[in-house]
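Below you'll find the structure, written out as structure tokens, and then a few comments.
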2 protein chains.
Amino acid sequence: MTTSQLADRLAVRPASVTAMLQKLAAAEPPLVEYHKSRGARLTEAGQRAALAVVRCHRLLELFLHEKLGYAWDEVHDEADRLEHVVGPAMVERLAAALGHPARDPHGHAIPDADLTPIGPAATLLSALPAGCTAVIDQARDDDPALLRQMAALGLLPGITLTVLAEAPATRVTLGARGATPLELPADLVARVAAEPPEFSTLTNRPSKTMPASPFGPSFF
Amino acid sequence: MTTSQLADRLAVRPASVTAMLQKLAAAEPPLVEYHKSRGARLTEAGQRAALAVVRCHRLLELFLHEKLGYAWDEVHDEADRLEHVVGPAMVERLAAALGHPARDPHGHAIPDADLTPIGPAATLLSALPAGCTAVIDQARDDDPALLRQMAALGLLPGITLTVLAEAPATRVTLGARGATPLELPADLVARVAAEPPEFSTLTNRPSKTMPASPFGPSFF
DNA sequence: TGGCTAATTTAGGCATGGCTAAATCCAGGC
DNA sequence: GCCTGGATTTAGCCATGCCTAAATTAGCCA
Ligand SMILES: [Mn+2]
Ligand SMILES: [Mn+2]
Ligand SMILES: [Mn+2]
Ligand SMILES: [Mn+2]
């Protein structure tokens, strides 16, 4: 990643990114491989550190949803604060209490305890060709409004849909066939991913109305 | 409290305490009433802020013990880190999930949602007169070794004991009468509190062997 | 091969919360 | 009513992580 890509994602100034990259590259062991003015990449150790935080974050999200009754659009922010403070012992306790789950409420894959890297993302709804049938896999979890909108439309991970048209707007049908067609907002289809039914770990499995449940592969 | 008392409790230099007291006194609203070179005291707002953190801390301790299977000597440190990051919504969710409990695993009172101040401490074992019968109420939770020692001796909140002798060492009998007498270490009796049976909210209620369970009044 | 612009890094600051060392305060003791 | 030693505050620093503004680099096009 380049300095400015990171600055954008982190909502921080490029100068701050440079400083942090230098620090992480100088750490023992180095967490990033930093080529000045060239960008940076996670080292093996850095990737493990990152996966540990992601594992913690997603377990927390699922815990808040499953055990404390949070709606799926409310869990991300709380998890974002807790993830940096929860100790390794508690992470494993949470995993055990949740039955070593594979997915968080938004369908994101939860890295396992040995921090094996996660596979690539599924396909965005906006990239599905017309006529295609796919299973909703996961959605960005950093936009509560998006998640509420999805829940209202019945667009939950595990749900199967068929694309009727891609342009000018994405029109889909939910449930295997012929139900009422839906027109999906452009910002929604750009942030929800789906997979071919035969790839999906878990086909069709709605949950409580507002909240969602565990499912499919990763993307962010 | 004086500056140096605070410095001792917080394991911080007196100069740092002075700086923080000045800051808290200047806050809007002021959290402490600070008389320079004279010491400081919590304001109404400061007390509420403190009780909110204590409530969160104790709910977390109970949650870790009850729901995640932590032993009672392991919960304090984890709660100490989480307490500053858990949001108000999660505190109330925790309280609800735990059934709005009155005590944490060490017997400390959990402030209720409206942050009503907590009553004074029970009596230390070291202060009980010989012949006295009392119910274990609570113990300091910041010393895992003490808590493990208590569990090993069967000294859990809710347990009734009778003091046989105060000097040279504290000798007690557990259970209403005549079981095998125990000699209690001086550092233990200085950090465990008990109450007259008729004052105790909950008489006799041991729990899992190592871990403990919710009980009696407060002290720190 | 320059030169120009956009990306990046450096330089210099700010706020937080801590520390040490040097004043300063104050309460007793004489 | 002073004197003095312990308590307290002030002064001056440090590390973190972030910021702005000023260099510096790098890549692309003439
Ligand atoms: Mn998230
Ligand atoms: Mn998620
Ligand atoms: Mn505690
Ligand atoms: Mn406690």
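If you're wondering where the values come from, they're calculated on a predicted model, not measured in any experiment.
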Output the rounded distance in Å from [atom1] ([X]) to [atom2] ([N]).
X: B/R38; N: C/dT24; atom1: CZ; atom2: C1'; answer: 15 Å
X: A/K23; N: D/dA15; atom1: NZ; atom2: P; answer: 12 Å
X: A/L6; N: C/dA7; atom1: CG; atom2: C1'; answer: 13 Å
X: A/L10; N: D/dT16; atom1: CG; atom2: P; answer: 19 Å
X: A/D8; N: C/dA6; atom1: CG; atom2: P; answer: 16 Å
X: B/H35; N: C/dC25; atom1: NE2; atom2: P; answer: 18 Å
X: B/L21; N: D/dT9; atom1: CG; atom2: P; answer: 7 Å

Once rounded to the nearest 0.5 Å, what's the spacing between atom [atom1] of [X] and atom [atom2] of [Y]?
X: A/L146; Y: A/R191; atom1: CG; atom2: CZ; answer: 4.5 Å
X: B/H76; Y: B/D141; atom1: NE2; atom2: CG; answer: 5.0 Å
X: A/L161; Y: A/C132; atom1: CG; atom2: SG; answer: 8.0 Å
X: B/L60; Y: B/E78; atom1: CG; atom2: CD; answer: 9.0 Å
X: B/L153; Y: B/L184; atom1: CG; atom2: CG; answer: 6.5 Å

- Task: For side chain to side chain contact (heavy atoms under 4.5 Å, CB included), just list the numbers for B/W72 and B/D104, CA-CA rounded to whole Å, side-chain angles, deciding distance to a tenth of an Å, and then say yes or no.
- Result: CA-CA 9 Å; B/W72 77 332; B/D104 79 11; over 6 Å; no
Do any N or O atoms from the side chain of [X] and from the backbone of [Y] form a donor-acceptor pair under 3.5 angstrom?
X: A/Y70; Y: B/M90; result: yes
X: B/H106; Y: B/D137; result: no
X: A/R58; Y: A/P111; result: no

Just to confirm, is there a sub-4.0 Å distance from OP1 or OP2 of [N] to any side-chain nitrogen or oxygen of [X]?
X: B/Y34; N: D/dT8; result: no
X: A/K36; N: C/dT10; result: yes
X: B/T18; N: D/dT10; result: no
X: B/T2; N: D/dA7; result: no

- How about A/H57 and A/E61: does a side-chain donor come under 3.5 Å of a side-chain acceptor? yes
- Task: With the side chain of A/S4 defined as its heavy atoms from C-beta on, choose the nearest nucleotide among D/dG17, D/dA7, C/dT8.
- Result: C/dT8
- Which nucleotide in D/dG17, C/dG17, D/dT10 has an atom nearest any side-chain atom of B/Q22: D/dT10
- Item | C/dC26: pairing nucleotide in any strand, Watson-Crick or G-U under 3.5 angstrom | D/dG5
- Message: Within the 4.0 Å heavy-atom criterion, would you say A/S37 contacts the bases, only the backbone, or no part of the nucleic acid?
- Response: sugar-phosphate
- Contacts to DNA chain D from residues 78-88 of chain A, heavy-atom cutoff under 4.0 Å, which residues? none
Tabulate atom names and distances for all N/O pairs under 3.5 angstrom spanning the protein and nucleotides 19-21 of chain D.
from: D/dC19; atom 1: OP2; to: A/R13; atom 2: N; distance (Å): 2.9
from: D/dC19; atom 1: OP2; to: A/S16; atom 2: OG; distance (Å): 2.7
from: D/dT20; atom 1: OP2; to: A/R13; atom 2: NH1; distance (Å): 3.4

